[in-house]
Student: 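I am attaching a structure below and will ask some questions about it afterwards.
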Amino acid sequence: MPELPEVETVRIGLARLLPGRVVVRATHDTAKSFPNESRSVEKHLIGATVITVRRRGKALMIDLDTGYSLVVHLKMTGQLVFRDAVGERFGAGHPTDSLVGELPDRSTRVTLDFQDESKLFFNDQRKFGWMKLVQTELVEQEPFFLKLGPEALADDFTFEQFRAAVLRRKGTTIKAAILDQSVLAGVGNIYADEGLFAARIHPATRAGDVSTLKLKRLYRALREVMRLSISLGGSSDKNYVDAEGRKGSYLTFAKVFRREGQDCPVCSTKIIKLRVAGRGTHICPRCQKQGRLS
DNA sequence: CACTTGACCTGTCCGC
DNA sequence: TGCGGACAGGTCAAGT
């Protein structure tokens, strides 16, 4: 479930760990990682030095000094875990609740070996994620990036832009609208539920029926909740870990997500779970009433 | 065209 | 205990 805050947490870790390291070997499973790219992997990845690590939406870009970038999407269960040369950094004695043991393991899809004998593992239990090698200056031309809307946390992403984008999807539910990566890039199921709760909006409300006041609250809430999550290292349900194999703690602070049956922190009504936009959806049925303009 | 649903995968949990 | 089925949820293709 890596969404913007989780991917950003990974980016922060990798941006500290990877620059300057030189790739000497890349081993990968078949199919989804580097499909038909063997030759460019050999030419543009092996021997390359990592320059920076960037994020756009829920995707990461590891820029190399060869003019190419490794583009990674973690989808549901992807992990990018770094291990130093000793390989003991997160072993016994380390004060972490790392979920990740010996690597590679059976979920490892790609291993990058660096010259100093450190390694980067791309693990992905469900194999939905992907890793591609793309010319850096052509990254934005990739179909995935062409479709992305503005960065949810960008300073210049204004409420007016948010409102206009949501209204392009006015016929669908507000939850489906904010999950649409062409409306804004980065929101996933967790932060959609948390943002809608904070803004007191029922997720099944038609997007075009949400009042301007509530839309404004939603815009603020989504950004606040994701910023808070980044500061807490993201949300770890099962699979998600950061670049050093550590969990995030945001879910401890989540108000409704995965809290069905518990009391609403505002009004003590029992939180319920329903299905909206084809996703598991958590609401307080009292705080989030449908079809009421306010 | 606008929107919804199913497929992609694997592991886990729930009910019988 | 074993087993089928639902579920997890990001994105794209296919369906309505």
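Excluded from the calculations below are hydrogen atoms, water molecules and symmetry mates; all remaining heavy atoms, backbone and side chain alike, are included. Order of the sequence lines fixes the chain letters, A, B, ..., with proteins taken first and strands second; residue numbering starts at 1 for each chain. Please read these numbers as outputs of a predicted model, since none were measured by experiment.
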Student: Find the runs of at least 3 consecutive base pairs, i with j, i+1 with j-1 and so on, that include DNA chain B, using Watson-Crick or G-U wobble geometry with both distances under 3.5 Å.
Tutor: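 DNA chain B forms these stems: B:2-8 with C:10-16, B:10-16 with C:2-8.
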Student: In this structure, how many angstroms lie between the C1' atom of B:dC13 and the CD atom of A:Glu260, rounded?
Tutor: 13 Å
Student: Under 3.5 Å, which protein N or O atoms sit close to an N or O of nucleotides 13-16 of chain C? Give each pair with its distance.
Tutor:
none

Student: On the nucleotide C:dT11, are OP1 or OP2 found under 4.0 Å from the side-chain N or O atoms that A:Gln181 carries?
Tutor: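 Looking at the OP1 and OP2 atoms of C:dT11, one of them is under 4.0 Å from a side-chain N or O of A:Gln181.
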Student: With heavy atoms under 4.0 Å as the rule, sort A:Arg275 into base, sugar-phosphate or nothing.
Tutor: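 Sugar-phosphate, no base atom in range.
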Student: Verify the contact: side-chain N or O of A:Arg258 to OP1 or OP2 of C:dG9, cut-off strictly under 4.0 Å; return yes or no.
Tutor: yes
Student: How long is the line joining CG of A:Leu74 and C1' of B:dT10, in whole Å?
Tutor: 17 Å
Student: Run the ring-centre check on A:Tyr250 versus A:Tyr191 and record whether the distance is less than 6.0 Å.
Tutor: yes
Student: Would a distance-only check, ignoring hydrogens and angles, find a side-chain to backbone donor-acceptor pair under 3.5 Å from A:Lys58 to A:Val187?
Tutor: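 Yes, the answer is positive, given that a donor and an acceptor are paired below the 3.5 Å cut-off.
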Student: For nucleotides C:dT11 and B:dT12, find the distance between their C1' atoms and express it as a whole number of Å.
Tutor: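 One C1' to the other, the span is 23 Å.
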Student: What's the gap between C:dG10 and B:dC13 when it is taken at their C1' atoms, as a whole Å value?
Tutor: 22 Å
Student: Rounding to an integer number of angstrom, what distance separates B:dC3 and C:dG9 when you compare their P atoms?
Tutor: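 Taking atom P in both B:dC3 and C:dG9, they lie 23 Å apart.
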Student: Take the protein atom CZ of A:Arg126 and the nucleotide atom C1' of B:dT12, then report the distance between them rounded to whole Å.
Tutor: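 Result: 11 Å.
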Student: Taking A:Glu244 for the side chain and A:Val81 for the main chain, is one N or O donor matched with an acceptor at less than 3.5 Å?
Tutor: no
Student: Between B:dT10 and A:Lys127, is there an OP1 or OP2 to side-chain N/O distance shorter than 4.0 Å?
Tutor: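 Yes, because at least one side-chain N or O of A:Lys127 sits under 4.0 Å from OP1 or OP2 of B:dT10.
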Student: Looking at every non-hydrogen atom in both residues, tell me the closest pair between A:Lys255 and A:Glu194 and how far apart they are.
Tutor: N-OE1, 2.8 Å
Student: Taking NE2 from A:His282 and C1' from C:dA8, how many angstroms apart are they, rounded to a whole number?
Tutor: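 From A:His282 NE2 to C:dA8 C1': 10 Å.
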Student: Would you indicate, yes or no, if C:dG10 has its OP1 or OP2 atom less than 4.0 angstrom from a side-chain nitrogen or oxygen of A:His73?
Tutor: no
Student: Ignoring backbone atoms, test whether A:Lys58 places a side-chain nitrogen or oxygen under 4.0 Å from the OP1 or OP2 oxygen of C:dT11.
Tutor: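 So the side-chain polar atoms of A:Lys58 do come within 4.0 Å of the phosphate oxygens OP1 or OP2 of C:dT11, strictly under.
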Student: Is the count of non-hydrogen atoms from other residues, nucleotides or ligands lying under 6.0 Å from A:Arg168 atom CZ greater than 12?
Tutor: yes
Student: Looking only at heavy atoms, what is the nearest atom pair of A:Val100 and A:Arg83, with distance?
Tutor: O-NH2, 3.3 Å
Student: Measure the distance from CZ on A:Arg109 to P on B:dT10 and round it to the nearest whole Å.
Tutor: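 After rounding, the reported distance stands at 8 Å.
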Student: I need the full list of salt bridge (Lys or Arg N to Asp or Glu O under 4.0 Å) pairs touching residues 263-282 of chain A, with sequence neighbours left out, sorted by first then second residue.
Tutor: A:Asp263-A:Lys270
Student: Do the charged groups of A:Glu224 and A:Arg227 touch, with an N to O distance under 4.0 Å?
Tutor: no
Student: Could you give the NZ-to-P distance, from A:Lys132 to C:dC12, as a whole number of Å?
Tutor: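 So the NZ-P distance, A:Lys132 to C:dC12, works out to 11 Å.
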Student: Output all residues satisfying ring-ring contact (aromatic ring centres under 6.0 Å, His included) with A:Phe253, sequence neighbours left out; order by chain, then residue number.
Tutor: none
Student: Round to a whole Å and report the spacing from CG of A:Asp124 to P of B:dG11.
Tutor: 11 Å
Student: Between A:Gln288 and A:Ile201, what is the shortest heavy-atom contact and its length?
Tutor: NE2-O, 3.0 Å
Student: What pairs meet the side chain to side chain donor-acceptor pair (under 3.5 Å) rule with one or both residues in residues 144-159 of chain A, with sequence neighbours excluded?
Tutor: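 Side chain to side chain donor-acceptor pair (under 3.5 Å) check on residues 144-159 of chain A returns A:Arg55-A:Glu151, A:Arg56-A:Glu151.
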Student: Indicate whether A:Phe128 forms a stack on B:dC9; treat it as stacked only if centroid distance is below 5.5 angstrom and interplanar angle below 30 degrees.
Tutor: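 According to the criterion (under 5.5 Å, under 30°), no, A:Phe128 does not stack.
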Student: Provide, to the nearest angstrom, the distance between the CD atom belonging to A:Gln79 and the C1' atom belonging to C:dG9.
Tutor: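 Distance, rounded to whole Å: 16 Å.
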Student: Tell me whether the guanidinium CZ or amine NZ of A:Arg200 lies under 6.0 angstrom from the six-membered ring centre of A:Phe197 and within 45° of its axis.
Tutor: yes
Student: Tell me, which of residues 163-171 of chain A have any heavy atom that sits under 4.0 Å from an atom in DNA chain C?
Tutor: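 Close to the strand, none.
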Student: Work out how far the P atom of C:dA14 is from that of B:dC9, and round it to whole angstrom.
Tutor: 15 Å
Student: For the pair A:Glu117 (side chain) and A:Ala85 (backbone), establish whether a donor and an acceptor sit closer than 3.5 Å, ignoring hydrogens and angles.
Tutor: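 Side chain of A:Glu117 to backbone of A:Ala85, a donor-acceptor pair under 3.5 Å: no, none is there.
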Student: Taking only N and O in the side chain of A:Thr172, is any of them less than 4.0 Å away from OP1 or OP2 of B:dT4?
Tutor: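 Result: yes.
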